[in-house]
Each structure stands twice: as structure tokens, then as C-alpha cells.
**Student:** 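I have a structure I would like to understand better, so I am pasting it below and will then ask my questions one at a time.
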Amino acid sequence: MKYVNGKWVADDGTTMKYVNKRLPTEIPAGQYLVHSRVVPSTQLGRNGFRAWLQDNNKNIEPCSCNFGGVVNASLHAKHYRAP
Ligand SMILES: [Zn+2]
């Protein structure tokens, strides 16, 4: 994993940009909203609950949780979680 121009780049070329405090209102075209596979917390960054945008859907699976109820969670019924 390398940090380049504000994004993390995994060895397979996937770029990930972490989201802090609140979820974006819109997901940019070609990006996927993903969270870590832990019990969602009401606050991003707490108890290992992290969220990020990545540029492909490799190694992620659809998730139907309420994103812990974090800010803008209701906008993202469609999102993914890390395996
Ligand atoms: Zn979820």
C-alpha cells in the first residue's frame, strides 16, 4: 500500500480514499463506497469502523446495513463491505 496524491494505492492498483466524520452525499462515478467488516459504529473511525471510496469492486461484497447511522448513512442503502 502506498499513499499517492491523497489516496492509498494497493498492490493490485486499487485506489482507496478514506472518508472521515461523514459520508459523502454522492458517490463519484466509477467509485464504490466500502466499510470495514466490523460491527458498524455510530462514528467513523471508532472501533475499527472505517469507510472509504475505492475505484473498483474487487474483493468487496454488497452490504445492507444502516452504516451505523453515521451522517448521510440514509443516502447509501447501496454500499459494500470488505470481505
Ligand atoms: Zn454495510
Side-chain angles (χ1 to χ4, degrees):
M1 205 89 118
K2 295 177 297 190
Y3 193 67
V4 183
N5 297 329
K7 294 178 180 174
W8 287 98
V9 182
D11 293 342
D12 68 0
T14 300
T15 66
M16 300 164 63
K17 187 169 174 51
Y18 281 97
V19 177
N20 294 307
K21 292 192 172 73
R22 58 183 60 209
L23 298 173
T25 53
E26 285 184 27
I27 306 302
Q31 300 278 306
Y32 297 82
L33 179 64
V34 188
H35 62 71
S36 49
R37 189 171 193 130
V38 298
V39 176
S41 167
T42 54
Q43 199 174 315
L44 290 170
R46 184 187 285 169
N47 297 331
F49 185 50
R50 304 290 308 273
W52 61 90
L53 292 167
Q54 73 176 57
D55 68 346
N56 65 53
N57 60 358
K58 282 188 241 174
N59 298 319
I60 55 177
E61 53 194 61
C63 181
S64 56
C65 78
N66 72 349
F67 234 109
V70 298
V71 178
N72 296 332
S74 61
L75 302 175
H76 301 294
K78 183 177 180 183
H79 66 270
Y80 301 80
R81 69 181 169 216

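In listed order, ligands and their atoms are each counted from 1. Sequence positions, counted from 1, serve as the residue numbers for this chain.
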**Student:** Check for a donor-acceptor pair, side chain of Asn72 on one end and backbone N or O of Arg22 on the other, with a separation under 3.5 Å.
**Tutor:** no
**Student:** Is the backbone of Gly69 close enough, under 3.5 Å, to the side chain of Thr42 for a donor and an acceptor to pair up by distance?
**Tutor:**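 A pair under 3.5 Å: no.
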**Student:** Please examine the side chains of Cys63 and Tyr80, heavy atoms only from C-beta on, and report whether any two atoms are closer than 4.5 Å.
**Tutor:** no
**Student:** Is the distance between the ring centroids of His76 and Phe67 less than 6.0 Å?
**Tutor:**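 So the answer is no for these two rings.
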**Student:** Short of 2.8 Å from the Zn ion (ligand 1), name each protein N/O/S atom, waters not counted.
**Tutor:** His35 NE2, Cys63 SG, Cys65 SG, His79 NE2
**Student:** Is a side-chain donor or acceptor of Asp12 paired with a backbone partner of Thr14 at a separation under 3.5 angstrom?
**Tutor:** yes
**Student:** Could you walk me through whether Gln43 and Phe49 pass the side chain to side chain contact (heavy atoms under 4.5 Å, CB included) test, one step at a time?
**Tutor:** CA-CA 8 Å; Gln43 199 174 315; Phe49 185 50; over 6 Å; no
